[in-house]
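Below, chains carry the letters A, B, ... as their sequence lines are ordered, and counting in each starts from 1.
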There are 4 protein chains.
Amino acid sequence: MARVHEDSVREEQRQRLLDSAIRAIGRSGFDSVRLRDIAADAGVTTGMIQYYFDSRQAFLVAALEKVGLDQINSWSQIREVETDPWTRLTRLIAACADRNPGIAIERSAAWLEFCACACRHTELREILSAVNQRWREVVLETIQLGCASGVFRPVLDEETITDAIIAMLDGCEMSIGSQAGLVTSDEARAVATQVAEHLLNR
Amino acid sequence: MARVHEDSVREEQRQRLLDSAIRAIGRSGFDSVRLRDIAADAGVTTGMIQYYFDSRQAFLVAALEKVGLDQINSWSQIREVETDPWTRLTRLIAACADRNPGIAIERSAAWLEFCACACRHTELREILSAVNQRWREVVLETIQLGCASGVFRPVLDEETITDAIIAMLDGCEMSIGSQAGLVTSDEARAVATQVAEHLLNR
Amino acid sequence: MARVHEDSVREEQRQRLLDSAIRAIGRSGFDSVRLRDIAADAGVTTGMIQYYFDSRQAFLVAALEKVGLDQINSWSQIREVETDPWTRLTRLIAACADRNPGIAIERSAAWLEFCACACRHTELREILSAVNQRWREVVLETIQLGCASGVFRPVLDEETITDAIIAMLDGCEMSIGSQAGLVTSDEARAVATQVAEHLLNR
Amino acid sequence: MARVHEDSVREEQRQRLLDSAIRAIGRSGFDSVRLRDIAADAGVTTGMIQYYFDSRQAFLVAALEKVGLDQINSWSQIREVETDPWTRLTRLIAACADRNPGIAIERSAAWLEFCACACRHTELREILSAVNQRWREVVLETIQLGCASGVFRPVLDEETITDAIIAMLDGCEMSIGSQAGLVTSDEARAVATQVAEHLLNR
DNA sequence: TATGAATGAGGCTTCATTCAT
DNA sequence: AATGAATGAAGCCTCATTCAT
């Protein structure tokens, strides 16, 4: 029992450190963020980070992995709660495009970092692939559900529409994350929703 | 004359070094790329890079700036050459989605780095904003041209469609650049083209 | 308690490093001394020096500052201990002219470096001014003391004699420090003492 | 003839470069002055300096040597021109103490550098020794001249007085050169002159 | 003769990592 | 469990020097 309790305390600490890492990565970038900065954010010493994680690399990868997992969880939740295809789709869109202003902007930047780093860190690429795949499944399933029930009468095949919506949302993410974009997250959501509506001929 | 010649030689050298930097940034990332790697790529010494550029930072920023400028140039060329709105639009789409396999993949990754770094480097953000703005202008103008001539009968207002197309292409870029995407650049082009066709009701 | 103890250990380390720096500056000069040399002298790594001091510049300035402070301390001690004006004056003279053979010659050279560098490093100049001022105060006070008690019957006004003695000692310092001088420190002390005796008409 | 002429042009160039070096050494110090700075001062390229001198070290040593030789020349001139012992002595004192405000302050600083560097550069030490020796000869000879003619009735032996005067002047030099001194060059001259007058019992 | 492009050695500095406490 | 002193590898950068022109 004591053991279990201690483990859960340890796990809590790890999560706290990972959250600090995500914020710091968003601010300084995956490659140039310093353990010292993260430690400062968490109010601990660098030694403690090393005590909880094997190495800087493993620690930062775990942090980005958490970003992806949180993402997946949020989608899964929407999927379970929302049964109407169109409502579910708009909520999924909102979950992406909305994440930015609501939650800290660092998280959005961290996601961009995630994608940018994936091409040179195999571990990250694998995680990112998994997240992408899960994302596509959820969207595609939603569209298929709507088509099957006759709510959607798609003008293109379901997979193409799925890819289009996903690409649009990724593009908005990029635009907003870089802070050099031309659209706000509200506009992004509006655009994505309108286009989806037309492509699905709701 | 001699002076002019020498200056052009110097400029040529700078461009060569910048190209090497772009490739190296694509491989190693903006923050962790080493001058040594770039020098090796260009077949020169690190001292020479410092001889041509004031600092590592200034050098790398100039490299990413070049990526943006090359981008703009390629669009401008298409805009001048191609008069038919739809052909021009498909070529613009292809210019983005196609760039990846044709030219080195490093360039695509460098672009992703560009966007990811923009949020923490003011200089980069300004350049990226300018590139984005120019990109939007070219696409919007093309769509307006098609609408004016009756070739396009858009289902949404022109600006929304422009934003949608741009977002889609950015999203594809991100997906392909991260190498964790689910679509090839061929598929990306096909999706973007089909969606554009429908939105413009060509 | 633990905190206090740790701080004193840290301070001790700093002093050790500063002493090594003084020796090394005396050997290699303020500008060309290498952190590596100092580290070797202290038997530590260069990283440790940077751990204890912010930068090379700050470290070296602190080292020369210590030279000045040690100087001041030694004078203050003589001033407190010795009540007889003439004995005190001869001891002050000896404290300067004698420092060289007794203690390491590097300290003398370090002092010369101090003066030479002062003209281009503002921080050093300020410290040097303070040391000079204190030095003058102590000598002048001693002379005034002797005059007041009738032990000295000066042939020139007290300030002039003070300046003369100080200049003579500085000159000896320079001569000995440069190792190109024509007088030994014994001779220097003898000359300064004899001249002082005459000027004060003891 | 042509050869001779070219040689003199070459020699003139060298002197120009040496003068620039002296100024630059005064500003930046012997060890940290950069060839680039000296070249800028002289309005030439660094390549040219290397064309005229074998190495940085040899160049800078030659520059300081010139400072010493100029010094010696100025004393010799006074010695030849001035026959009255006391007038000659005061002019010698003035030549030292006055050099500072009259000529550029860099020259004074360069002299301090000279002395400070002598302890670690054998070549410099030899030159400095020679200059010191010559200086002592001139002063001693002047004093002996005055004693022989009965103008001076020294209170201490001639050598001691010589050493005292030289030390005082060196000390003033140091004080003024470091720019952290407590006396102006006018005051320095006054002090040295008064003390000399008393010691020589003129 | 003089230039300036290019080199490369070596310094300062940063920072992840280790380890004694 | 947690700290933080200490290490040492590696990067950027400076600058004297070389050499083709």
Item to complete: Indicate whether OP1 or OP2 belonging to dA6(E) is found under 4.0 Å from a side-chain N or O atom of Gln13(B).
Response: yes

Worksheet, complete the sentence: Contacts of Gly43(B) and Leu35(C) projected onto DNA chain E by closest heavy atom; the upstream (5') one is Gly43(B)

Worksheet, complete the sentence: Here the distance between atom P of dC13(F) and atom CD of Gln57(B), to the nearest Å, is 9 Å

Practice prompt. Take the protein atom CZ of Arg56(A) and the nucleotide atom P of dT17(E), then report the distance between them rounded to whole Å.
Written response: 8 Å

Response to the item:
Taken to the nearest whole Å, CD/Glu12(D) to C1'/dT1(E) is 16 Å

Discussion item. Side-chain N or O of Tyr51(D) versus OP1/OP2 of dA2(E): is the shortest distance under 4.0 Å?
Written reply: no

Worksheet item: Would you say a side-chain N or O of Arg10(C) is under 4.0 Å from OP1 or OP2 of dA5(F)?
Response: yes

Worksheet item: How long is the line joining CZ of Phe53(A) and P of dT17(E), in whole Å?
Response: 13 Å

Worksheet item: Are any of Arg34(D)'s side-chain N or O atoms less than 4.0 Å away from OP1 or OP2 of dA16(F)?
Response: no

Worksheet, complete the sentence: In whole angstroms, the gap separating P of dG11(F) from CG of Asp31(B) amounts to 15 Å

Fill in: Interatomic distance, Met48(C) CE vs dT13(E) C1' [rounded to whole Å]
17 Å

Worksheet item: Just wondering, do Asp31(B) and Arg120(B) contact through their side chains at under 4.5 Å, heavy atoms?
Response: yes

Item to complete: Using atom CZ of Arg36(A) as one end and atom P of dT17(E) as the other, report the distance to the nearest whole Å.
Response: 14 Å

Discussion item. Please identify which of these residues, Val33(D), Val44(D), Ile22(D), Thr46(D), meets the side chain to side chain contact (heavy atoms under 4.5 Å, CB included) condition with Ile38(D).
Written reply: Val33(D)

Item to complete: Map Thr45(C) and Ser55(B) onto DNA chain F by nearest heavy atom, then report which one ends up closer to the 5' terminus.
Response: Thr45(C)

Practice prompt. Before accepting this row, confirm whether a basic side-chain N of the pair Asp19(B)/Arg23(B) lies closer than 4.0 Å to the acidic partner's carboxylate O.
Written response: no

Worksheet item: Is Tyr52(D) touching bases, backbone alone, or none of the nucleic acid, heavy atoms closer than 4.0 Å?
Response: sugar-phosphate

Discussion item. Could you tell me how far apart Ile49(A) (CD1) and dC15(E) (P) are, to the nearest whole angstrom?
Written reply: 14 Å

Discussion item. I want to check something: taking the side chain as every heavy atom from C-beta on, are Phe59(D) and Leu18(D) in contact at a cut-off of under 4.5 Å?
Written reply: yes

Discussion item. Nearest heavy atom decides the nucleotide; on that basis, is Thr46(C) or Thr46(B) closer to the 5' end of DNA chain F?
Written reply: Thr46(C)

Worksheet item: Going by heavy atoms in the side chains, are Ile25(A) and Trp111(A) under 4.5 Å from each other?
Response: no

Fill in: Pair assignment for DNA chain F - dot-bracket with | for other-strand partners, Watson-Crick or G-U under 3.5 Å
.||||||||||||||||||||

Discussion item. Has Arg14(A) got a side-chain atom pairing as donor or acceptor with Tyr52(A)'s backbone, closer than 3.5 angstrom?
Written reply: yes

Fill in: Closest listed nucleotide, where the reference is the side chain of Gln50(C) and the choices are dG11(E), dT14(E), dT3(E)
dT14(E)

Discussion item. Any salt bridge linking Asp37(D) with Arg27(D)? Criterion: basic side-chain nitrogen under 4.0 Å from a carboxylate oxygen.
Written reply: no

